[in-house]
Amino acid sequence: MAGLTGHPVLEIGDKFEELQNNIINNNKNKEVIDKAGLVLKGEENSNNNNNNQGGERDMAPPTSNSLHRSGSRPQLDLSKAAIQGNSEERDPTILLPNQSDDISHFALDIGGSLIKLVYFSRHEGQSIDDKRKRTVKEISNGSRRSYPILGGRLHFVKFETSKLNECLDFISSKQLHNGRIDSHYWNSESPNKENAVIKATGGGAYKFADLFKERLGVSIDKEDEMDCLVAGANFLLKAIRHEAFTHMEGHKEFVQIDHNDLFPYLLVNVGSGVSMIKVDGDGKFQRVSGTNVGGGTYWGLGRLLTKCNSFDELLELSQRGDNRTIDMLVGDIYGGMDYSKIGLSASTIASSFGKAISDKKELEDHRPEDISLSLLRMISYNIGQISYLNALRFGLKRIFFGGFFIRGHAYTMDTISFAVHFWSQGQAQAMFLRHEGFLGALGAFMSYEKLGLDDLMVHQLVERFPMGAPYTGGKIHGPPLGNLNEKISWMEKFVLKGTEITAPVPMAPPGTTGLGGFEVPSSKGGTLRSDASALNVGVLHLVPTLEVFPLLANPKMYEPNTIDLSDHCELEYWFTVLSEHLPDLVDKAVASEGGTDDAKRRGDAFARAFSAHLARLMEEPAAYGKLGLANLLELREECLREFQFLDAYRSIKQRENEVSLAVLPDLLMELDRMDEEARLLTLIEGVLAANIFDWGSRACVDLYHKGTIIDIYRMSRNKMQRPWRVDDFDLFRERMLGSEGKKPRPHKRALLFVDNSGADVVLGMLPLARELLRRGTEVVLVANSLPALNDVTAMELPDIVAEAAKHCDILRRAAEAGGLLVDAMTNTLDGSKENCSSVPLMVVENGCGSPCIDLRQVSSELASAAKHADLIILEGMGRALHTNFNARFKCEALKLAMVKNQRLAEKLIKGEIYDCVCRYEPAS
Ligand SMILES: CC(C)(COP(=O)(O)O)[C@@H](O)C(=O)NCCC(=O)O
Ligand SMILES: [Mn+2]
C-alpha cells in the first residue's frame, strides 16, 4: 500500500472523477474502517440528529461555550487590575482602571419628524478559559499589550417624533438611562440617577425636556445642532470605511476617504432649511451659506399643492410623476430643439413650473405626481447648484450632503449629483453618507467628555448587521428585542415579510433619471423603488484592540476581497451557492447543539435570518457598504452566532483531529526518511492535498459523504502532480534550500495562517511548521479567534499541538519553548524543563471569526507577533484566494490553497476544480 505521502506515486494525470470512483470503491471497505471510527459519516452526522442528543455537546471542547456571543472580539482589560479595599474579604471588588464600566450610554437628536437615538452597549463579557492565553510566551521583545481590552457597540435607532412614547419605552426597557451613565469612564459629574443628564440636540431637546424628566427622571443637556452635525460627520468620515458614496444615474459607489486628507470640505445639511458649513477640522467650522429653499419647502409646498399627508407619501408620488407636463423645458421654447450653442439639451428644465403660466390648467388639472416630481427636481437642483457655488467660493472639492430631505432617496441623490456635476463640469463631486440621518445624534453622543471616540481609527470599528437589518434598515425601529427567544419569535413572525423581501426589486437601468443623459424619468415609477437606495445601518462594534497588520506593503491600497460582488453575475452565483449550502449548514448547526427542539427552532430562525440578509443584498448589494465575498461568508458566521450556534462543526472537527493525529507519527516517519529536497516538496504537497478538507465547499462535502478521511487524503495526495496551476515552488525551494551548494539563511520567524481542522492542520501545516522549526525558524501559528465552518481556532490549537508533540521531539521542544506545553511539562515525572533550547512554536489568534481574513483588522496579538516575521504563509481558499490573493507584503509570502470551486478555478487561475495554487512572492 502507498504510504501516507502518496509515494510511490500513482499514475500521473488521472482526473478527480477517478478519485471519486476510488472513493466509492473504497467504500466497500467502509465497514471495516467504520469500526475503527475513521469514517466521516457526513450523512449520519447531518441528518440523524436524535442520535446525537447530548453527545455533540459532550464532545465539545470545554472552552467553546465560554466564548461571548455576538462579537468576534475580546473584551476585558485586566491591566493594572487591583483589589479595592480589604483583600482578605470574600469576593472583594476588583478595580479594572483600564476597562470600561458596565455602562450603557445614549444621546438623542429630536427632530420635527424623527427621533434619532445613538446608544452604546458594552460587549457581554465572560471570562474565557484560554490555555493559550495563560501560557503563551511573550512573543515580541516589547511587552505584549495587555489583552483583551475594552469593547462596546454603538447602535442606531429611529422613532417617529409623533410616537415619542415608543422612544421612551425603548430607553426604559433597555435601561439606557438608569444611572449607569454616571460612570467614571464617561466622566459624568452626577453620581445618581436623579441628577442624570443626557445629551440631546434638535428642537425636541427643548420641547420635550420636561417629559424626559417626568418619565425617565433625566435632565436633557442641550447641544448645539451645528456642533453636533459637524462632530458626527467628522467621526463617520474618519472612522467608517464605507461611509461616503457617490450616487449618479442610479449607480452608487463608495468612496475611500483618506482621513488625513479630509479637510476642508463642505457639509450641506438639508433639513427644513439648508445650512452650508465649511468644515476645516474637528470643532473647526463656519456656516458659510444656506438657503431657505429646503426640505420644508418641498414638504410645505407639496402638501398645499397635492394634499399629501406625509413627506414620504409626497416622495412616493414623485416616483410616478412626469415633470414635463408642468416644467418648461428648453425644447418647449426652442420648438423641440436643443439649444446646443450654450450646451442645453431640449429636455433641460428651462423654468420649473414654467408651463403652468401658459397652460390654461388649474391646480386640479395637474396630476399630484407631476407636481411632486417637479418640486423635487426644482429644490434638489437648486440645492446642488448653490452648494457647488459655495464650494467654488472656498475652493472645496468635496461636498457631503445630509439631512432629513435626502433620506437615502435615490432620485433626490441623483438630482443633486447631477446639478453638482453639471455646474462644476465634473470638477466637484456630491457625496452622501450612509449614516446621514444620525449625524446630529452621533455628534450629541460625542459631546460626552472623555468618551475617547474621537481617537478611534477606522480599523478599530467593525460594522455588523444583526438579523433585523434586512427588515428595519433605514426604517423606523421596531420594539427592542431582549433575548434570543424574542428574536426567534420575531423571525417567525416575519416569515411573510421575508418572502416579500425575497422577491428582488428590479432596479432602473442606469442613465434613465435626469437631465441631459438624465432623461425625464417618466417610466421610472414602476422600476425604481423610492427607497431602492435605502441603506441599512448596522451596529458599530468599537474594538480598540484591533490593528492593521503591520506587514501589509501598502495598507491604503489594500483590498482584502478578490471577488467584488458589485458585479451582479458574481453576486447571483455566490447567492445561489450560499443559499444551497444552507440546509446542510442548518443540519450541522442543529446537530452541534444536540438536535433538540430548541436547537431546531434556532436553526430555522437562523436560516430565515440569513436568507433575508441574502435577499436584501441581492436587491441592493451596497446596502451594508461595499460588498465582497468575504463579507458574505463572515455575515453567515455572525448570523449563526446570533442564534447561539457557537461552533456548528465542533464534532466533525474533533473527529477529524483524532483521526489525523493517529496517522501523524507514520507521516513524520515517512518524511524523515526523505532527503531535504524531496521532503520540502512533499510537505508543500501535503498542505495543498490536505486543504481538501473543507466543509464550506459543496463539492468537497459531496466527496466526504463517500469516503473516509484517510482515503480522501491519500487520493488527494496522489493527485498532487506538478506543475500546479500556479506553481512558484521552485522559487520557494531555492529560497529555502539554496542553489549550487549555497545555503541561504533561514527565516527568523514565520507566521503560518492555518485553515481547517483535521488533516489540513495536523497532516499539512504542522509538519511544515516542524520543518521550519528544524531549520531554526520561529513559528507562529495564526488561527481564528472564533469558529468558522471547520476552521481550527486558536483556542483549540494548543491541545492539538500537545497531542502531536507526544510523537515528535522537534514539536515538543518548540512548543515548550513557546510556552504551549506548560500543563504537559508540569505533568512530566521529573518536572524538569529539559532542553528548551529550541526556537519557539507559538499560537496567536487572528481576531476574526470568518473563513476569510481582512488584514486591516487583526488582533493586537497577531500584529505584535508580526513585527519580527520575515515569512508569512497563508493557507486555504478563504485566506489565500477569496481574500489576500492580490495582497502584497513587506516580507516574503507563500500562498497555498486547493481551489474547491469550479467557477473560482476558472475565473482566478483559468483552471479546474481541485487545481492548486502555490504562489511565492518575495518581499515587496
Ligand atoms: C468557505 C471556503 C472559503 C472555505 O475554504 P477554505 O478556506 O477552508 O479552503 C470555501 O469552502 C468556499 O468558498 N466555499 C463556497 C464555494 C462552494 O461551495 O463551492
Ligand atoms: Mn477553512
Side-chain angles (χ1 to χ4, degrees), residues 16 42 560-563 565 570-585 588 610 614 628-638 640 647-650 652-653 656-657 687-705 712 716 752-762 764-765 781-794 796-797 846 848-854 873-885 895-909 911-918:
F16 235 87
N561 277 292
T562 312
I563 298 182
L565 296 184
E570 208 59 56
L571 177 62
E572 226 161 290
Y573 172 78
W574 289 101
F575 173 89
T576 312
V577 167
L578 295 188
S579 301
E580 287 176 0
H581 192 244
L582 252 183
D584 187 57
L585 177 59
K588 298 282 186 300
F610 186 59
L614 286 179
L629 180 55
N631 307 94
L632 271 191
L633 292 170
E634 180 167 19
L635 185 66
R636 183 171 67 180
E637 299 299 331
E638 282 300 322
L640 274 170
D647 193 357
Y649 289 82
R650 68 176 71 159
I652 292 175
K653 292 195 293 183
E656 292 190 13
N657 286 341
V687 171
L688 295 172
N691 191 234
I692 199 168
F693 292 99
D694 163 13
W695 283 89
S697 147
R698 175 82 180 269
C700 294
V701 173
D702 286 348
L703 280 182
Y704 312 147
H705 289 159
I712 295 170
S716 183
L752 273 55
F753 289 76
V754 296
D755 181 5
N756 302 319
S757 304
D760 196 343
V761 65
V762 176
M765 290 300 264
L781 301 176
V782 183
N784 263 21
S785 299
L786 290 179
L789 291 165
N790 60 321
D791 291 352
V792 69
T793 65
E796 293 157 353
L797 267 177
N846 59 13
C848 27
S850 150
C852 300
I853 185 165
D854 178 343
I873 302 183
L874 286 160
E875 192 229 348
M877 250 169 105
R879 291 167 190 81
L881 303 182
H882 291 334
T883 48
N884 304 310
F885 190 60
K895 297 169 184 173
L896 299 172
M898 179 189 272
V899 191
K900 292 148 289 187
N901 174 281
Q902 179 65 30
R903 181 181 167 106
L904 190 76
E906 286 166 21
K907 284 226 146 181
L908 205 59
I909 56 169
E912 296 284 317
I913 188 166
Y914 305 120
D915 277 348
C916 289
V917 172
C918 169

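A quick note: this is a predicted structure, and the numbers were derived from the prediction, not measured. Just follow the structure's listing: the first ligand is 1, and inside any ligand the first atom is 1.
One distance of note links CG of D760 with CE of M898; it measures 10.0 Å at 0.5 Å rounding. Taking OG from S757 and CG from N784, the interatomic distance works out to 10.0 Å, rounded to the nearest 0.5 Å.
For atom 14 (N) of ligand 1, the nearest non-hydrogen atom of the protein is G696 O, 2.9 Å. The protein non-hydrogen atom at the shortest distance from atom 9 (O) of ligand 1 is K900 NZ, 2.5 Å.
Under 4.0 Å from ligand 1, the heavy atoms of H882 that appear belong solely to its side chain. Counting heavy atoms closer than 4.0 Å to ligand 1, residue N691 contributes side-chain atoms (C-beta onward) but none from N, CA, C or O.
Counting heavy atoms only, D694 comes closest to atom 11 (O) of ligand 1 of the residues L789, D702, D694.
Considering backbone and side-chain N/O of A699, none are found under 3.5 Å from N/O of ligand 1.
A pairwise comparison of heavy atoms in V792 and A783 identifies O-CB, 3.8 Å as the closest pair. In terms of heavy-atom proximity, G876 sits nearest to D755 at CA-OD2, 3.2 Å. Minimum heavy-atom separation, E637 to L789: OE2-N, 3.3 Å. Taking all atoms of both residues into account, the shortest heavy-atom contact from N884 to R879 is ND2-O, 3.1 Å. In terms of heavy atoms, A630 sits closest to S850 at O-OG, 4.5 Å. Across every non-hydrogen atom of L688 and A897, the tightest pair is CD2-N, 3.5 Å.
Using a 4.0 Å heavy-atom cutoff, W574 is listed among the residues neighbouring ligand 1.
Each of the following atoms of ligand 1 lies closer than 4.0 Å to a heavy atom of R698: 17 (C), 18 (O), 19 (O). Heavy-atom proximity to N901, at under 4.0 Å, picks out these atoms of ligand 1: 16 (C), 17 (C), 19 (O). With ligand atoms numbered from 1 in the order given, ligand 1 contributes 6 (P), 7 (O), 8 (O), 9 (O) to contacts under 4.0 Å with heavy atoms of D755. Near G878, meaning under 4.0 Å from one of its heavy atoms, ligand 1 places the atoms 3 (C), 6 (P), 7 (O). Contact atoms of ligand 1 toward N756: 8 (O) (distance under 4.0 Å to a heavy atom of the residue).
Under the side-chain hydrogen bond (donor to acceptor under 3.5 Å, both in side chains) rule, N901 has a single partner from Y573, W574, Y914, which is Y573.
Ring geometry for W695 against Y704 counts as tilted: the plane angle lies between 30° and 60°, on a 0 to 90° scale.
Put simply, D694 stays out of reach of the Mn ion (ligand 2), with no N, O or S atom under 2.8 Å from it.
Here the angle at the Mn ion (ligand 2) defined by OD1 in D755 and OD1 in N756 stands at 80°, rounded to 10 degrees.
Within D791, the N, O or S atom lying nearest to the Mn ion (ligand 2) carries the name OD1.
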